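Just so you know, these numbers come straight off a predicted model, no measurement behind them. By convention in this document, chain letters (A, B, ...) are assigned in the order of the sequence lines, proteins followed by strands, and residues within each chain are numbered from 1. Computation of the quantities below employed the complete heavy-atom set of this structure, encompassing side-chain atoms and omitting hydrogens, waters and symmetry-equivalent molecules.
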Amino acid sequence: MADLLAEHAEALRRRLEDWSYQYYVLDAPTVSDAHYDAAFGELQRLEAEHPGLLRSDSPTQRVGAAPLPEFAQVAHAVPMLSLSNAFSVAEVHAFDQRVRDGLGRDLVRYATEPKFDGLAISLVYENGLFVQGATRGDGTHGEDVTANLRTVRAIPLRLRGDPVPARLTVRGEVLMFKRDFALLNERQVANGDKTFANPRNAAAGSLRQLDPRVTAGRRLRFFAYGIAESPAQHGLDSHSAVLDWLRDLGLPVCAERRVAVGAPGLLDYFAHIGALRPSLPFELDGVVYKVDSLTDQQRLGFIARAPRFALAHKYPAEEANTEVLAIDVQVGRTGALTPVARLRPVSVGGVTVSNATLHNEDELRRKDIRVGDHVVVRRAGDVIPEVVTFIAAQRPAQAEPYRMPTRCPVCDSAVVRLPDEAVARCSGGLFCPAQRKQALVHFASRRAMDIEGLGEKLVEQLVDAGLADTPAGLYRLQLDQLVALDRMGERSARNLLDALDRSRSASLDRLIFALGIRNVGETTARDLARRFGSIAALTEASEEALLQVRDIGPVVAWSIRQFFDEPHNRAVVHALLAAGLHCVPSAAEPLNELAPLRGKTFVLTGSLPALTRDEATALIEAAGGKVIGSVSRKTSFVVAGAEPGSKLARALELGVPVIDEQQLRALAAPLQG
DNA sequence: GATCCTCGAGTTCT
DNA sequence: CTCGAGGATC
């Protein structure tokens with residue numbers, strides 16, 4: 001009976017181990033979580049009822065150890081080295097050159113792998129059992145985090161295969177997947193705990209918990225990338241063979257590793273991983289190149305504390321630390337007050353960042369950024385920099401929470417924040433010079449009246465000089481008035497007048513959009529132009545008539561009616577018509593029965609090889625399709641180019657078909673015959 | 001009343 | 001690109 005039970009327990013343990021192995025090492029789960037949990041529960045029950053069956057390598061022993069008073073120090077028998085870094089193509093060539101010189105060879109084979117952005121650790125296995133795990137520390141001494149590492153399911157408690165080495169020290173990285181990081185932060189917010197700035201901090205914080213039960217609740221991952229002992233002992237002669245062997249022993253090894261030849265091969269790999277980066281489940285800060293042959297590695301040896309046979313080639317940092325010099329408030333076209341952090345300029349992701357939006361009062365309060373704070377700035381896959389968090393340890397004692405102004409910093413009008421709205425607004429309307437300026441900038445912008453040469457700087461001058469207060473004023477500008485302005489010669493002045501003249505015949509949808517009516521953007525403007533046909537008809541349209549338009553509800557109808565009821569706005573519209581604007585709706589395309597993309601919606605992400613975003617949009621619309629901004633279940637296709645953003649991931653998640661430019665052209669091409 | 005889909009608005013730097 | 005919010009739909 002006891003034997004039967006022992007056999008059953010062992011079978012359960014094996015099965016649970018196999019499932020973890022399939023999940024973490026083979027990256028091919030074979031059972032559901034519920035299934036796993038059921039078997040796990042059964043084993044737990046069995047072991048509780050028959051303590052004699054308990055074994056230290058049982059999956060049930062990953063959780064539940066008592067908190068430690070502190071971590072013990074561990075000496076690394078073989079030191080954990082660091083790697084030399086490279087940031088440029090030239091440095092990679094120089095590295096390859098040094099290696100070739102050192103070996104007296106023309107072409108060198110390298111093992112290449114991602115450089116994870118996590119924590120380096122060392123795992124000791126004796127006779128196949130996990131006995132000790134430690135952090136890197138200073139390279140020679142680290143902290144004993146065995147109890148915490150036991151809770152990491154990707155780390156096998158028992159090696160697979162037969163025979164297993166008597167002693168093996170595995171080197172690798174503990175990290176947190178982006179997805180698990182996001183979930184953790186959500187949970188932290190829900191519990192009122194502080195959030196982590198990035199997956200690496202979250203992994204570090206989780207691993208250095210004195211209470212292993214906390215670590216167990218965090219989903220940490222592990223990838224092995226080497227061993228401390230001489231691989232020759234195990235009959236291995238290359239780094240890639242070591243990794244294959246580790247995988248056979250049941251240790252997770254990154255699937256993105258390759259073998260590359262020569263500097264061009266290395267740079268190819270760097271570009272390949274760079275393109276893959278946004279879609280990988282984990283963060284990485286670069287890639288690692290290692291001479292593959294172990295005898296060659298030995299011949300090259302070490303310099304100082306880094307091997308001469310390896311190089312970390314890093315991507316430009318997506319994150320940097322800097323200081324908040326000031327928090328200013330900008331006033332937008334609609335009067336929205338936007339707090340902006342002025343930063344000590346810092347290089348992030350290859351560009352210098354000196355400003356970052358703090359969005360609005362709620363966001364600012366949530367992040368609690370203060371003047372004088374040291375902050376983490378991120379410029380990830382997307383382009384726009386973001387202040388992620390402040391660094392508590394470096395907060396100056398006198399720093400005070402930021403308070404939004406109660407009066408507009410530009411015109412001193414009262415600031416109002418409507419209940420249920422996130423934004424605070426200046427109530428000054430067009431009395432506020434900032435709003436007037438922004439209204440003009442919007443009017444002239446490319447998607448509106450497209451007045452070339454009329455940008456922010458020039459608008460600033462015109463308004464300050466009192467030359468133009470409203471869009472209508474622009475059309476009364478004279479050559480001599482313009483030439484009197486700074487940095488404006490006769491040539492530029494004539495160009496501007498020409499551009500203004502061209503805009504007199506812009507399409508009606510552009511004009512409606514250009515007026516800057518609240519809640520009326522490009523799409524709504526186009527719908528309005530189609531329905532009403534002239535600016536005069538729109539001016540007189542009743543709320544009931546407006547509500548008839550598709551996608552216009554009470555709020556938007558009210559905004560439009562409100563706009564045209566304002567005498568000042570009516571005056572501007574009249575003045576525009578008097579100035580000779582003769583806008584007509586762009587001919588509604590005959591909705592051809594044969595339009596190949598009729599009723600289809602598209603989302604664009606990344607940069608396409610031959611088409612710009614606008615060209616791709618035009619192509620789709622010409623074929624009767626529609627381009628929208630975000631992916632949903634109803635989206636027909638996602639068109640992905642180079643360096644796609646999160647929309648690609650979302651498309652894959654929702655099972656929306658993903659196509660490239662080539663396929664888009666094929667779809668949009670008129671049907672033959 | 002809840003949920004999903006779109007649109008609008010604001011934003012950085014070269 | 002992301003958020004917030006309007007509108008439509010169940």
Side-chain angles (χ1 to χ4, degrees), chain A residues 182 278 316 318 320 322 328-343 345-364 366-367 377-388 417-426 434-435 438-439 441-442 445 447-448 455-456 509 512-528 546-560 601-607 613 626-636 638 643-650 654 656:
Chain A
E318 292 188 328
T322 187
D328 287 349
V329 170
Q330 279 176 0
V331 183
R333 170 167 68 88
T334 63
L337 297 192
T338 307
V340 181
R342 307 292 176 198
L343 306 168
V346 65
S347 171
V348 192
V351 301
T352 306
V353 171
S354 42
N355 303 309
T357 176
L358 297 165
H359 294 112
N360 56 51
E361 196 173 1
D362 291 348
E363 173 89 353
L364 185 49
R366 198 158 53 74
K367 289 187 174 166
V377 176
R378 176 185 305 152
R379 189 174 167 277
D382 46 339
V383 193
I384 296 174
E386 167 195 29
V387 176
V388 183
R417 185 172 164 191
L418 298 177
D420 306 338
E421 277 202 5
V423 286
R425 292 194 148 87
C426 158
Q435 293 189 50
Q438 290 303 315
V441 169
H442 171 74
S445 67
R447 312 199 79 94
E456 191 132 2
D509 17 324
I512 294 172
F513 174 55
L515 291 175
I517 304 165
R518 277 284 278 287
N519 302 315
V520 175
E522 264 181 299
T523 310
T524 309
R526 189 153 62 181
D527 291 344
L528 290 169
L546 291 164
L547 282 168
Q548 299 307 306
V549 182
R550 185 180 58 94
D551 285 342
I552 290 186
V555 175
V556 179
W558 187 85
S559 298
I560 298 169
T601 56
F602 291 78
V603 172
L604 305 173
T605 181
S607 36
R613 262 189 126 68
K626 195 171 174 192
V627 176
I628 57 173
S630 59
V631 184
S632 72
R633 242 176 294 277
K634 283 196 183 169
T635 308
S636 316
V638 167
E643 295 185 45
S646 58
K647 290 190 258 189
L648 176 59
R650 178 135 177 87
L654 295 179
V656 172

Hey, are the side chains of Val556(A) and Ile517(A) touching, using non-hydrogen atoms and a 4.5 Å cut-off? no

Tell me: CZ of Arg378(A) to P of dC1(C), nearest whole Å? 16 Å

Thr334(A), nearest nucleotide to its side chain (from dA9(B), dC13(B), dG6(C)): dA9(B)

Expressed in angstrom and rounded to an integer, what is the separation of Arg633(A) atom CZ from dC10(C) atom P? 14 Å

Salt-bridge present (Glu361(A), Arg366(A); N to O < 4.0 Å): no

Test side chain to side chain contact (heavy atoms under 4.5 Å, CB included) applied to Asn355(A) and Leu343(A), step by step: CA-CA 6 Å; Asn355(A) 303 309; Leu343(A) 306 168; over 6 Å; no

Starting from C1' on dT2(C), measure out to CD on Glu386(A) and report it in whole angstrom. 9 Å

Give the nucleotide from the list dC13(B), dG6(C), dC7(B) with an atom nearest to the side chain of Ile628(A). dC7(B)

Starting from the 5' end of DNA chain B, give me the residue, Arg333(A) or Ser354(A), whose nearest nucleotide shows up first. Arg333(A)

Measure CG/Asp362(A) against P/dC3(C) and give the value in whole Å, please. 14 Å

Under 4.0 Å, heavy atoms only, any strand: does Glu363(A) hit a base, just the sugar-phosphate, or nothing? nothing

First encountered from the 5' end of DNA chain C, between Val423(A) and Asp551(A): Val423(A)

Across the strands shown, which category fits Ser630(A) at heavy-atom distances under 4.0 angstrom: base, sugar-phosphate, nothing? base

Does Thr635(A) make a side-chain N or O approach to OP1 or OP2 of dC5(B) shorter than 4.0 Å? no

Separation of Arg518(A) atom CZ from dG8(B) atom C1', in whole Å? 11 Å

Counting only side-chain heavy atoms from C-beta out, which of dC5(B), dT12(B), dG7(C) sits nearest to Val555(A)? dG7(C)

Are a donor atom and an acceptor atom from the side chains of Arg342(A) and Ser354(A) found within less than 3.5 Å of each other? no

Do Arg526(A) and Glu522(A) sit within salt-bridge range, that is, some charged N less than 4.0 Å from a carboxylate O? no

Backbone N or O of Pro385(A) within a donor-acceptor pair of the Arg378(A) side chain at under 3.5 Å? no

Kindly say if Gln330(A) contacts the phosphate of dG10(B), meaning a side-chain N or O under 4.0 Å from OP1 or OP2. no

State whether Lys634(A) places a side-chain N or O below 4.0 Å from either non-bridging phosphate oxygen (OP1 or OP2) of dA8(C). no

Could you check whether Val340(A) gets within reach of a base, just the sugar-phosphate, or nothing at all, counting any heavy atom under 4.0 Å? sugar-phosphate

Output the rounded distance in Å from CD (Glu456(A)) to P (dT14(B)). 16 Å

Is any side-chain nitrogen or oxygen of Asn355(A) closer than 4.0 Å to OP1 or OP2 of dT11(B)? no

5' precedence on DNA chain B between Thr352(A) and Ala336(A) (nearest-nucleotide basis): Ala336(A)

Starting at the 5' end of DNA chain C, which residue's closest nucleotide do you reach first, Leu604(A) or Asn519(A)? Leu604(A)

Just N and O in the side chain of Thr523(A): are any of them under 4.0 Å from OP1 or OP2 of dT6(B)? no

Spacing of Gln438(A) atom CD relative to dT11(B) atom C1', expressed in whole Å: 11 Å

Tell me which nucleotide among dG6(C), dT11(B), dC1(C) gets nearest to the side chain of Thr338(A). dT11(B)

Expressed as a whole number of angstroms, how long is the span from His359(A):NE2 to dA5(C):C1'? 16 Å

